[in-house]
2 protein chains.
Amino acid sequence: MLTEKHKELIEKIGVYFELAMPPAAARILALLIVSDQDSLVFEDIRSSLNLSKSATSNGINALLDSKRIEYYTKMGDRKRYFKWNPTSTINHFRSEIEKILGLNTLFENTIQLKRDKESYNTKMLGELSDLMHFLYQETSTVYEQWKENKQQKVY
Amino acid sequence: MLTEKHKELIEKIGVYFELAMPPAAARILALLIVSDQDSLVFEDIRSSLNLSKSATSNGINALLDSKRIEYYTKMGDRKRYFKWNPTSTINHFRSEIEKILGLNTLFENTIQLKRDKESYNTKMLGELSDLMHFLYQETSTVYEQWKENKQQKVY
DNA sequence: CTTTTGGTTCTGCAAAATTAGAACTAAAAG
DNA sequence: CTTTTAGTTCTAATTTTGCAGAACCAAAAG
């Protein structure tokens with residue numbers, strides 16, 4: 001059962017996730033993060049969020065595909081127990097940054113195509129591309145740095 | 001006039017921008033980035049992209065509002081000369097990272113609400129929140145670091 | 001072999017987003 | 001003062017999304 005506070009948080013977190021996925025999937029993910037139970041089955045999710053079976057099924061499968069949730073099973077029980085995959089959220093940040101590199105390639109192609117290599121726009125494209133590479137370098141090691149940092153604090 | 005290569009790049013870059021804005025606006029921004037002319041007027045944009053006047057007007061104004069493009073004028077000429085604002089793209093990255101902080105606040109609220117503070121999910125939420133703060137710290141200075149780095153290279 | 005459980009898949013609909021087209025407007029030109 | 005230019009705004013059509021409901025299916029239970 002969800003308290004009002006839980007529901008409120010699910011909606012607010014859901015709104016964030018809606019930037020990258022449909023509303024129903026966003027709510028499902030938020031529910032699995034906020035819930036006090038460590039895992040929920042199909043029907044728990046459906047009834048908690050008042051969704052149809054199809055919306056629940058499609059939402060769950062999209063989240064499974066993108067690895068943002070996972071499930072385990074119990075012997076002699078056909079149900080799947082869904083849970084949030086916190087590691088995927090970390091990886092998600094990384095893949096967001098990888099997207100930047102894709103755009104960067106297109107920017108570099110654009111520079112190639114520019115007639116006037118000395119124009120303000122062309123130069124700025126070059127600088128941006130440079131900055132984006134720098135950002136990528138810096139952030140690609142953030143996770144490792146953070147893990148080290150943490151170890152130092154603990155021990 | 002746009003060559004086939006230009007058109008291809010506009011479409012590809014447009015697809016990236018479509019993640020965050022409507023198709024017409026995305027194409028307009030891509031056009032202003034790719035174009036060999038340093039600025040374009042309303043009618044240039046409209047005809048290059050085969051857009052209606054309303055789509056052109058709405059797209060341009062949305063981009064102006066979000067500061068992703070700007071315009072200048074010429075004396076005795078009522079037309080506006082639109083150009084890409086490269087700095088806004090840099091700021092855009094920064095505001096993306098700021099969004100993370102908003103989500104983080106909600107994650108911290110979630111931890112408060114958790115019945116079992118020692119559960120895997122609760123602990124992972126704490127770690128994620130910690131990591132996101134760390135990421136924010138690191139990236140908030142990336143631009144300054146990069147500028148310094150660049151200066152060292154040049155002089 | 002019939003029923004129940006735990007889903008998936010297939011329409012179809014409703015809402016939201018996006019665009020085109022036409023009417024409109026304000027400033028400048030003729 | 002009529003026309004042209006450089007757009008804006010309104011309305012309506014079109015497309016895209018997302019969801020519900022119902023039909024469907026396979027495995028297990030009765």
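Everything numeric in this text was worked out from a predicted model, so none of it was measured. So that the names make sense, note that chain A is the first sequence line, chain B the second, and so on, each numbered from 1.
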Can you measure [X] atom [atom1] to [N] atom [atom2] for me and round it to whole angstrom units?
X	N	atom1	atom2	result
B:D77	C:dA28	CG	P	11 Å
B:L63	C:dT18	CG	P	13 Å
B:K53	C:dA23	NZ	C1'	11 Å
B:R80	C:dA26	CZ	P	16 Å

Quiz item: Can you pull the contact range of chain B along DNA chain D, 5' to 3', using atoms under 4.0 angstrom from its heavy atoms?
Solution: D:dT5 to D:dC10
Exercise. Taking the side chain as every heavy atom from C-beta outward, state whether B:L64 and B:R80 have any atom pair closer than 4.5 Å.
Key: yes
Quiz item: Can you name the closest pair of heavy atoms from A:A30 and A:G14 and give their distance?
Solution: CB-N, 4.0 Å
Practice problem: Would you indicate which nucleotide in C:dA20, C:dA27, C:dT9 comes nearest to any side-chain atom of A:N58? | Solution: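 Among the listed nucleotides, the one closest to the side chain of A:N58 is C:dT9.
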Practice problem: May I ask you to say what B:K79 touches in the nucleic acid, namely base, sugar-phosphate or nothing, with a heavy-atom cut-off under 4.0 Å? | Solution: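 Since only primed, P, OP1 and OP2 atoms lie under 4.0 Å of B:K79, the category is sugar-phosphate.
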Quiz item: Within the structure shown, what part of the strands sits under 4.0 Å from B:N50 by heavy-atom distance: base, sugar-phosphate, or nothing?
Solution: sugar-phosphate
Quiz item: Has A:K12 got more than 12 heavy atoms of other residues, nucleotides or ligands less than 6.0 Å from its NZ?
Solution: no
Quiz item: What pairs meet the ring pair (Phe, Tyr, Trp, His ring centres under 6.0 Å) rule with one or both residues in residues 8-66 of chain A, with sequence neighbours excluded?
Solution: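 Non-adjacent pairs meeting ring pair (Phe, Tyr, Trp, His ring centres under 6.0 Å): zero.
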Self-check item: Contact list for DNA chain D against residues 15-46 of chain B - heavy-atom distance below 4.0 Å
Solution: B:F42
Quiz item: Any side-chain N or O of A:N61 under 4.0 Å from OP1/OP2 of C:dT8?
Solution: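 Yes, within the criterion.
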Quiz item: Looking at A:S57, does any N or O in its side chain come under 4.0 Å of the phosphate oxygens OP1/OP2 on C:dG7?
Solution: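 For A:S57, the contact criterion (side-chain N or O under 4.0 Å from OP1 or OP2 of C:dG7) is not met.
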Exercise. Please check if any side-chain donor atom of B:H6 sits under 3.5 Å from a side-chain acceptor atom of B:T3, or the reverse.
Key: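 On atom types as modelled, these side chains qualify, holding a pair under 3.5 Å.
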Self-check item: Sequence neighbours excluded - salt bridge (charged side-chain N to carboxylate O under 4.0 Å, His left out) pairs with any residue from residues 104-129 of chain B
Solution: A:K150-B:E127
Quiz item: Can you pull the salt bridge (charged side-chain N to carboxylate O under 4.0 Å, His left out) pairs that have at least one residue in residues 31-44 of chain A, sequence neighbours excluded?
Solution: A:E43-A:R46
Exercise. Ignoring hydrogens and angles, tell me if any N or O in the side chain of B:N58 forms a donor-acceptor pair with the backbone of B:S54 under 3.5 Å.
Key: yes
If you look only at distance, which donor and acceptor atoms sit under 3.5 Å apart when one is on a side chain in residues 71-78 of chain A and the other is two or more places apart or in another chain?
{"from": "A:Y72", "atom 1": "OH", "to": "A:S39", "atom 2": "OG", "distance (Å)": "2.8"}
{"from": "A:D77", "atom 1": "OD1", "to": "A:K79", "atom 2": "N", "distance (Å)": "2.9"}
{"from": "A:D77", "atom 1": "OD2", "to": "A:Y81", "atom 2": "OH", "distance (Å)": "2.6"}

